Amino acid sequence: THKDVQRKARDEILRVLGDILTPTIDQQRELKYLNMVIKENLRLYPPKSCILPKTPIAINIYGIHHSPKYWKDPEEFIPGRFENENDEKREQYTWLTFGSGTRTCLGNNFSLIQQRVMLCALLRKYEVSLPADSIHQDKLHLDHFNSTLTRIQSLHLIFKRRTE
Ligand code: HEM
């Protein structure tokens, strides 16, 4: 559950938001590290793993997101890989969580805002971990694989209230 990542994201949230619970749009732009965490999570586990337009062509988002051709250590969770996004030489269309072009996801920004608001509220108060015997210790295990990655095998999380 990457406690170091949680700590870093929480420090940023407390620094940018202070006592405010819900980030404004401007504050959401300032949450640079949290945005990298969200982006990396959506790379490793794109909720829509495949685009199947009504043509003979399908786009394997999951495959592109996990390809060593485009990503260094593709199976590792490394939010920092998005640090210098603009200087990076990574090929276009390699992060395709919301698709791209004229049919790009209409809910793209809505979904990102929800994720930021939810994570700001959660990380401020809780540290999240997995039970010691969880099957998800090494990576998230899915029930079966289809075009939406929604079938996660039963996932129990521990929310420990922060005291400091
Ligand atoms: C993390 C959450 C979401 C992901 C990963 C996601 C992903 C996608 C993807 C991959 C497409 C296909 C893009 C293409 O064909 O090139 C799409 C289309 C679409 N999404 Fe999302 N989506 C998310 C949330 C939402 C939400 C919250 C809404 C609505 C409030 C939404 C509304 C739509 C619509 C209307 C389209 C069709 C756009 C079109 O064909 O012109 N999505 N989404």
Side-chain angles (χ1 to χ4, degrees), residues 1-2 5-6 8-10 12-13 16-17 21-83 85-86 88 90-126 128-130 134 136 138-157 159:
T1 42
H2 304 283
V5 175
Q6 288 188 50
K8 204 166 160 186
R10 177 180 307 112
E12 183 184 63
I13 291 165
V16 174
L17 269 68
L21 290 182
T22 309
T24 62
I25 291 292
D26 284 339
Q27 286 170 331
Q28 290 185 30
R29 285 199 198 99
E30 263 188 78
L31 294 168
K32 300 243 181 295
Y33 187 68
L34 186 71
N35 284 319
M36 291 195 279
V37 172
I38 291 173
K39 202 162 176 184
E40 176 66 340
N41 181 50
L42 291 171
R43 180 190 68 82
L44 266 180
Y45 303 108
K48 185 145 179 59
S49 62
C50 188
I51 301 178
L52 302 165
K54 292 193 185 82
T55 69
I57 299 169
I59 298 163
N60 183 351
I61 300 177
Y62 186 93
I64 294 170
H65 284 191
H66 286 250
S67 167
K69 194 169 158 201
Y70 307 120
W71 304 93
K72 188 168 179 287
D73 300 326
E75 299 306 323
E76 300 295 318
F77 179 74
I78 310 173
R81 66 170 86 241
F82 294 107
E83 182 103 53
E85 261 277 86
N86 299 331
E88 228 183 72
R90 187 158 50 76
E91 265 187 63
Q92 231 187 332
Y93 310 121
T94 46
W95 190 88
L96 279 171
T97 296
F98 295 107
S100 190
T102 48
R103 301 303 295 266
T104 197
C105 174
L106 216 61
N108 178 346
N109 282 318
F110 179 59
S111 140
L112 290 174
I113 289 169
Q114 280 189 318
Q115 293 178 61
R116 293 182 200 121
V117 168
M118 192 270 293
L119 285 169
C120 281
L122 266 182
L123 288 174
R124 171 187 290 275
K125 290 201 175 155
Y126 300 98
V128 189
S129 59
L130 289 165
S134 172
H136 300 288
D138 56 337
K139 63 175 213 159
L140 210 54
H141 289 265
L142 305 165
D143 249 351
H144 66 265
F145 199 89
N146 58 14
S147 75
T148 48
L149 294 191
T150 48
R151 306 294 291 270
I152 298 165
Q153 285 185 34
S154 80
L155 172 64
H156 296 277
L157 292 172
F159 289 84

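In listed order, ligands and their atoms are each counted from 1. Just so it is clear, the structure is predicted and the values come from calculations on it, not from any experiment.
- A donor-acceptor pair is defined here as one N or O able to donate and one able to accept, closer than 3.5 Å; no such pair exists between the side chain of Gln27 and the backbone of Leu17.
- At the top of the distance list for atom 4 (C) of ligand 1, counting protein heavy atoms only, stands Phe98 CE2, 3.5 Å.
- Closest of all the heavy-atom pairs between Cys120 and Leu21 is CB-O, 4.3 Å.
- Among all protein heavy atoms, the one lying closest to atom 29 (C) of ligand 1 is Gly107 CA, 3.9 Å.
- The nearest protein atom to atom 2 (C) of ligand 1, hydrogens excluded, is given as Ser111 OG, 3.5 Å; this is a heavy-atom distance.
- Nearest protein heavy-atom contact of atom 24 (C) of ligand 1 is Cys105 SG, 3.9 Å.
- The number of heavy-atom neighbours closer than 6.0 Å to CZ of Phe159, taken from other residues, nucleotides and ligands shown, is above 12.
- Those atoms of ligand 1 that come under 4.0 Å of a heavy atom in Pro47, given as number and element, are 1 (C), 5 (C).
- Residues Leu34 and Leu123 come closest through the heavy atom pair CD1-CD1, 4.3 Å.
- Leu96 contributes atom CG, which lies 12.0 Å from atom OG of Ser49 (distance to the nearest 0.5 angstrom).
- Within the 4.0 Å heavy-atom criterion, both parts of Leu106, backbone and side chain, lie near ligand 1.
- Geometrically, Arg43 does not engage Trp95 in a cation-pi contact, judged by NZ or CZ lying under 6.0 Å from the ring centre and within 45° of the ring axis.
- For atom 27 (C) of ligand 1, the nearest protein heavy atom is under 4.0 Å away.
- Checking side-chain atoms of Glu30 against main-chain N and O of Val16 turns up no donor-acceptor pair under 3.5 Å.
- Among all protein heavy atoms, the one lying closest to atom 41 (O) of ligand 1 is Arg103 NE, 2.9 Å.
- Nearest to atom 30 (C) of ligand 1 among the protein's heavy atoms is Phe110 CD2, 3.8 Å.
- When only non-hydrogen protein atoms are considered, atom 10 (C) of ligand 1 lies nearest to Thr97 O, 3.4 Å.
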